[in-house]
Amino acid sequence: MNTFQTAAFGLSRFCAALAALMIVAMTLHILIEIVLRSFFATSTFVLDEMVGYCIAAATFLSLGYAFEHSSLVRVGLLVDRLSGRPRRALEAFCALATLAVMGQITWYLINTALRSHERGRVSSSVAEIPMWIPEALCAFGLAAFCLQVIAYLLRQITGAPGPVQVPDGDLQNDL
Amino acid sequence: MDPFIAGAALTLFLIVFLGSGIWIFAGLILVSVAALHFLVGMNLDRIGTIASSIAYRSAATWELAAVPLFIWMAELIFRTDVSERLFRGLVPFVDKIPGRLLHTNVLGCTLFAAISGSSAATTATVGKITMGELSRRGYDTKIAVGSLAGAGSLGLLLPPSIAMIIYGILAEVSISRLFAAGVLPGLLVAALYSAYIIVVALIRPDIAPEGSNRYRAMDYLFALGNLTPIMFLMTVVLGSIYSGIATPSEAAAVGVFAAVVLVSVMGKMSFALLRDSLMGTVRTSSMVCIILVSAALLSTTLGYLHLPQELGAAIASLELGPVALILILSLFYLALGIFVDGVAIIVMSLPMTLPLALAAGYDPIWYGVFLVLMIEIGMLTPPVGINLFILQGMTRWTLWQVSVACFPFFLLFSFAVVLLVLFPEIALWLPRVLYG
Amino acid sequence: QSVSWDLANEYPPNSVHAQSADTFIAALAEVSAGDMVVTAHHGAALGYKSVDQYDAVGDGAVDIASSFATPWSGVHPVFTLSSIPFLAKTADENRKLYDIAKPYYAAVLEEDNQILLFATPWPPSGLWGREPLDSMEAIAGVRIRTYDANGTVTFGNAGATPIQLSWADTVPQLTTNGLDAVLTSADGGAASQLWEHQSHFTEVNYAMPLQFVHINRDVYEDLSDEQKAWVAEAAATAEAFGWDLLANRVGENYAQMETNGMTIVKDVSPEYLAALATAAEPTLVDWKQKLGADAEAILSAYEAAK
Ligand code: NA
Ligand code: NA
């Protein structure tokens, strides 16, 4: 059980690191494009396309990590008033509902990526990027998130503590 | 389906799913799935296809990139002493103004709105820099939170603005004129906010700590020195946009570059700083972007429900005069803004409402400004309001507490709309002076 | 009323393709006496772009869509035929090319579970600029915003500096002189009031790419024979409308542009057009190579018909 928790959070952190790399890559690509355009009268011709892939991948890859750090906001109206078993039951319900819709999206995105790969779909730019690569990256991030939600669900059932201790307080400045 | 029944059902779904404590992005997706299944009658296979393709499409959007990049810039600033210096620099200048540093959110958002085209990026970035400092210095957090959420939406009203670009393309009006038209209303909103803070500070002096009242010329000089880093940042980013070197969408990357230069010059650059700032960025931008993605799915759902079309047709059938029409349209957008955020509102409703407004004699430029104001109000109304969510993430308050803190600023914003309707020249004067 | 469909379209309500789609919807409502209702979602109001609509229609996410075919180049090379520069130089040639290629388009769409109802052309793209762009010298080094890979190749070969920007970034870049020229139709530029930053439109009839209206095959097969006939009738009406619209629209756009101080540069030298066509040649070679035998069949039929 503990191994699974460690593995799930380890995967989330790995994905978050990938997301961070995507953000760095986006920044560098935009800066390179500006330099190429301003000083060399040329372009990479694929800026908005590549940045689009990076931001999508970064968003989905970082979900599990943000989830465990309680960075994904929720309405605490009911949850915060409960504790002990009722709280854990409600948390389990929330996790299940989240898992249901995100699992559905993950499943369909995996199939989209598989189809793109099978049919050799590429983007319409000069770079002709195989579409399955960004789609698979996003699906991978979503799958890792679903695994993290399963880990969270199991913790609600067993009552085990989570991997990240989020301090309570007025201003977290998590933002 | 009757639009009012559909609207009531959607509200019920929202209350049940969000109220039970499901993470907001997942709750919005659940509402969409439930509405498509129970109200439109789609099977789960079709819904899965729709949800996955809209989620991927709305995430893989070039304009969204400004969110993580500006947040990264803020993270770099926030983890060095640039933000602290900013406040030390501002203290002497605001000492005589009631409310003192509470005005930094309004001022900061007004300035930052000039380099950012999105409200989410503006709120998150300025908040990251100011909120910790303000609460540390003993300022009233409630008014700080409200003013930040309210002023953050200036990101769309002051140029550059994604919302105005989208409106300009759809309504076929000049984007340059729209940009100009947003300037005075934006400054008006900022002035209303500052005036409110002053009034509250005069009535309840305890919202701000004591001033010192003893500043000399040297202090002002030092203060200016402390403001240099932030001035440098603003100048580089603004300069890159207005010299044509970078597009408004690219400006965020220039901001990161300038922040990295700044941090290096100040001798604070380290691997740990880069790592920590990036991991902080990843957490925040993931939250903001995934909510924008799920909000896009909700707006797609409203499209499949034909809600905007039917309400638009209902309004058209009333055959109202200009004043009554704009009143009804305001209520319509207020209602739509409860469920949907940002530019999605423009895209889904414009084909219905623009012809009505034009037929009633409203100027398309003016209507664009009106619309942007209305969608900014929507960002302040629960249960779906991106600025509320960002503030909620930052303060870890409940959505209710954040909404209450924002309420006065919501009212002020609504007052600005009333002024815009009564005095259309607020929007139309500047574009006429600039472009004839 | 037995049928209610949603139609997705990326472009604004006033654009030529939104009007063609609206014509289809109105004609269908009329011939079916209100039995078949289609709700249009123009301006990407449903959240789909043309590039997404291929699978969205095939998978049944939307029933019917009006899509710019060029972004489908990565799905199948046949879809870029109409965007090959200077292949069809007049509206008449464009129509001939479409009539010849239509079965090929329909076959690919059919494989992906959808039916091609009709196609209408975009108005011919030309060069918006701050001066007449009517010679190879004039376009040398000009920073021009192009809309597809073919434009990047063509204007790169012609000695200009093609730039890839989102349409949303294009106007701000013109304002700050970060961009000199835009490759788009008179109609597309007029919709974004490009005359505020540009003074000349040089007519080169670069390409008249197609917009497809396509419908999910399961949805279509569910119709009765009578309903299918209504759909065919409405499609024919809208197709005729879309092709006729073009001639008038160009004239209207030119008049509107001149009112706003634009100079329309017509009748550029054949040498210049030939040089541009030469610059565009690799795009045709590339397309032939990707499509294979069908390309030869289409092009030889086209040469014969021309
Ligand atoms: Na702005
Ligand atoms: Na709202």
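First the proteins, then the strands, lettered A, B, ... as listed; each starts at 1. Note that the coordinates shown come from a computational prediction; the quantities given were computed from them, not determined experimentally.
Highest contact tally toward chain B, considering only C:Val51, C:Thr170, C:Asp59, C:Val62, is held by C:Val62 [criterion: heavy-atom pairs under 4.5 Å]. Interface summary for chain B: among C:Glu196, C:Lys49, C:His197, the most heavy-atom pairs under 4.5 angstrom belong to C:Glu196. Top candidate by heavy-atom pairs under 4.5 Å with chain B, chosen from C:Pro13, C:Gly178, C:Ala190, C:Gly60, is C:Gly60. For the options B:Asp45, B:Thr49, B:Ile47, B:Ile50, heavy-atom pairs under 4.5 Å to chain C are most numerous at B:Ile50.
One distance of note links CG of C:Asp6 with OG1 of B:Thr300; it measures 11.0 Å at 0.5 Å rounding. Summarising the geometry, atom CD1 belonging to B:Ile245 is positioned 9.5 Å from atom OG1 belonging to C:Thr176; distances are rounded to the nearest 0.5 Å.
Counting all heavy atoms, side chain and backbone alike, C:Leu165 lies closest to B:Thr247 at CD2-CG2, 3.8 Å. When all heavy atoms are compared, the tightest approach of C:Ser4 to B:His306 is OG-CE1, 4.4 Å.
Only the backbone of B:Ala246 comes within less than 4.5 Å of a heavy atom of chain C; no side-chain atom from C-beta onward does. Contacts of B:Leu354 with chain C are absent, with no heavy-atom separation under 4.5 Å from either backbone or side chain. Within the 4.5 angstrom heavy-atom criterion, no atom of C:Ala56 approaches chain B. Interface remark: B:Ser58 contributes no atoms to any contact with chain C (heavy atom separation under 4.5 Å). For chain C, the nearby parts of B:Tyr304 are the backbone and the side chain; heavy atoms of each come within less than 4.5 Å. Contacts between C:Ala40 and chain B at a heavy-atom distance below 4.5 Å involve the backbone alone (N, CA, C, O).
With a 6.0 Å radius and a threshold of 12 heavy atoms from other residues, nucleotides or ligands, B:Phe257 has its CZ atom at or below the threshold. Under a cut-off of 6.0 angstrom, the local environment of CD in C:Glu30 is sparse, with at most 12 non-hydrogen atoms contributed by other residues, nucleotides or ligands.
Considering only heavy atoms from C-beta on, C:Asp169 comes within 4.5 Å of B:Trp62 through its side chain.
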